[in-house]
Amino acid sequence: MGQRDHYEILGVTKAATPEEIKAAFRKLASQHHPDRNPDDPKASIRFKELNASYQVLSDPQRRAMYDRLGHRAEESGSPFASSGPFAGGVIDFSDIAVDGILGDLLGVFGVGRGDKGDLKRELEVTFEEAAFGTTKSMRYSRVISCADCRGSGSSPGHAPDTCSACNGRGRVRFQQGILPIAVERACQRCKGRGTVVVHPCDGCKGSGLVTNENEIEVTIPPGVEHGATRVVTGAGNRPKPDKAAGDLELEIRVAPHPFFRRAGDDVICSVPLAFTQAALGAEVVVPTLDGKGKLRVPAGTQPGTTLRIKGKGMPKRAGIGRGDQRVEVTVEVPTSLTTRQKEIIEELAKEIGDDVQPQRKGFMDKLRDLFG
């Protein structure tokens, strides 16, 4: 058995007004509500049927498609259903920037969308500015409404004429023979504005738009990362005189630092030590984001060791405290030695021997295991 007609379910004719449909639904829904019919197991089914019919007939576009295609318009997967690309049978192609019916159909699926006025720019900050936050001023070009004609496109003392092609609607509708839908798109004569400029403004040549230099201040939060974005609402281009300006998206570029690099909330730097400092231990001066700092190097520190300075890294993304500064130790070996220095080092090498050099001892043990 096929589906019942929506008009029949609500007890109205196809000529019923929206008010009559609404009144009929309220009356029947009250009668068949499950709460009022606790002993009738079919009341819930009737109530759902009433609600489904009302959802279709109370929506002008869905009702129009139902009148044209019947229940096929509401079938799952139908392009004419409420969730389909052709919902209601009328498509507005005003913002689609591809010409022709092929472009229209592609545009329904998100291909070839018109310009929304959004801009994307890069904003460079220093490593320290990224760490502690700052306010940056930046200048860029954007499209705005012409001040001379206030966006009308007409010279002072004149007003645009109503477009005769669309009667001022800015859109025209036509029926496509291959599809049972009415296609609506921007009027080609007035470009969707509904008016035609007869006496163009000298400042904007009739477009109603001009390019202008704009300056804004952007607040950079502490701990911002390279590649992060900030959106300034309404600071983009105005795509049309009668449309709101788009947004400005700023991509943060953190400039390289001569000493530091970032790893999450931690800051990493490399510090060269003299052989004697690594062997005997020392207190050395190291750079930090807060200025000069002191680091205690334990005796016997090996090359490649990483030491930490607590709380000298980036502000934590969770908003509480700071990360650490990691100091990667390198040991510099002298390249120019006097005769006396060579003698001293040779004496030291004999005195130390191989057993008290842990890295070399481990290497030699592995070498013996490998080659027997």
Report task. Any chance you could lay out the side chain to side chain contact (heavy atoms under 4.5 Å, CB included) test for C201 and S152, step after step, and finish with the verdict? Result -> CA-CA 8 Å; C201 168; S152 71; over 6 Å; no
Query raised in the report: Yes or no on side chain to side chain contact (heavy atoms under 4.5 Å, CB included) for T195 and C163, after CA distance, side-chain angles and deciding distance?
Result: CA-CA 5 Å; T195 58; C163 177; 5.9 Å; no
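- The side-chain heavy atoms of L295 and V271, taken from C-beta on, include no pair separated by under 4.5 Å.
- The backbone N or O of C204 sits less than 3.5 Å from a side-chain atom of S207, completing a donor-acceptor pair.
- Salt-bridge formation is detected for the pair D324/K310: a Lys NZ or Arg NE/NH1/NH2 atom is positioned less than 4.0 Å from an Asp or Glu carboxylate oxygen.
- Minimum interatomic distance between A15 and E20 (heavy atoms only, all atoms of both residues): O-OE1, 4.5 Å.
- Not counting sequence neighbours, the partners of T339 by the side-chain contact (heavy atoms from CB on, under 4.5 Å) test are E343.
- A heavy-atom distance below 4.5 Å is found between the side chains of L289 and V267.
- Judged by distance alone, the side chain of R238 and the main-chain N or O of K243 form a donor-acceptor pair under 3.5 Å.
- Here NZ of K342 is found 14.5 Å from CD of E347. Values are rounded to the nearest 0.5 Å.
- Side chain to side chain, E217 and T135 fail the donor-acceptor criterion of an N or O pair below 3.5 Å.
- With sequence neighbours left out, S336 forms a side-chain contact (heavy atoms from CB on, under 4.5 Å) with no residue at all.
- Side chain of R169 to backbone of R171: a donor-acceptor contact under 3.5 angstrom is found.
- Put simply, the side chain of R261 does not reach to within 4.5 Å of the side chain of F127, judged on heavy atoms.
- Atoms CG and CG, on L280 and L273 in that order, are 11.5 Å from each other to the nearest 0.5 Å.
- V218 and L119 end up in the same hydrophobic cluster when Ile, Leu, Val, Met, Phe, Trp and Tyr side chains are linked at under 4.5 Å.
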Query raised in the report: Hey, mind stepping through L307 and V329 against side chain to side chain contact (heavy atoms under 4.5 Å, CB included) and telling me if it holds?
Result: CA-CA 8 Å; L307 304 175; V329 172; 4.0 Å; yes
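- In this structure, CG in L209 is found 9.0 Å from CD1 in I144, a value given to the nearest 0.5 Å.
- Between the OG atom of S141 and the CG atom of N212 there is a distance of 8.0 Å, given to the nearest 0.5 Å.
- Side-chain atoms of Q341 come within 3.5 Å of backbone N or O of T338 as a donor-acceptor pair.
- Between P241 and G151, the shortest heavy-atom contact is CB-O, 3.1 Å.
- Annotation for R139 and E215: closest pair NH1-OE1, 3.2 Å, computed over non-hydrogen atoms.
- Side-chain contact between S154 and C149: absent, with no pair of heavy atoms (C-beta onward) separated by less than 4.5 Å.
- In this structure, SG on C190 lies 12.0 Å from CG on D161, to the nearest 0.5 angstrom.
- Between H6 and Y66 the shortest heavy-atom distance is N-OH, 3.0 Å.
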Run the side-chain donor-acceptor check on residues 24-32: report pairs under 3.5 Å with partners two or more places apart or on a different chain.
from	atom 1	to	atom 2	distance (Å)
S30	OG	R36	NH1	2.8
H32	ND1	R46	NE	2.9

Output a table of donor-acceptor pairs, distance under 3.5 Å, between side-chain atoms of residues 245-258 and any protein atom two or more places apart or on a different chain; print 'none' if there are none.
from	atom 1	to	atom 2	distance (Å)
D247	OD1	G234	N	2.9
E251	OE2	R253	NH1	2.9
H257	ND1	F259	N	2.9
H257	ND1	F260	N	3.3
H257	NE2	E128	OE2	2.7

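- No side-chain donor-acceptor contact under 3.5 Å links N237 to the backbone of P239.
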Requested in this report: Could you please spell out the steps behind the side-chain hydrogen bond (donor to acceptor under 3.5 Å, both in side chains) verdict for Y54 and D59?
Outcome: CA-CA 8 Å; Y54 179 68; D59 185 315; over 6 Å; no
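- Residues Y7 and D67 meet the side-chain proximity criterion, which asks for heavy atoms closer than 4.5 Å.
- The shortest distance between side-chain heavy atoms of I220 and L123 falls below 4.5 Å.
- Put simply, the side chain of Y140 reaches to within 4.5 Å of the side chain of I216, judged on heavy atoms.
- Under the side-chain hydrogen bond (donor to acceptor under 3.5 Å, both in side chains) criterion, N51 pairs with no residue at all, not counting sequence neighbours.
- A salt bridge links K136 to E129: one of the charged nitrogens lies within less than 4.0 Å of a carboxylate oxygen.
- Between Q188 atom CD and C166 atom SG the span is 11.0 Å, to the nearest 0.5 Å.
- Tracing side-chain contacts under 4.5 Å through hydrophobic residues (I, L, V, M, F, W, Y), one never reaches I268 starting from I309; they form parts of separate clusters.
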Report task. Walk me through it: do V197 and H199 pass the test side chain to side chain contact (heavy atoms under 4.5 Å, CB included)? Result -> CA-CA 6 Å; V197 175; H199 303 280; 5.7 Å; no
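- Contact annotation: the side chain of Q325 never approaches that of R308 to less than 4.5 Å [non-hydrogen atoms, C-beta and beyond].
- A donor-acceptor contact shorter than 3.5 Å links the side chain of D5 to the backbone of E8.
- Legend: side-chain hydrogen bond (donor to acceptor under 3.5 Å, both in side chains) pairs involving residues 281-301, not counting sequence neighbours, sorted by first then second residue: D290-K312, D290-R322.
- Across L10 and S53, no two heavy atoms sit closer than the pair CG-CB, 4.1 Å.
- Shortest non-hydrogen contact noted between R63 and I21 is NH1-CD1, 3.3 Å.
- No side-chain donor-acceptor contact under 3.5 Å links N37 to the backbone of A43.
- No hydrogens or angles considered: nothing links the side chains of R326 and T306 as a donor-acceptor pair under 3.5 Å.
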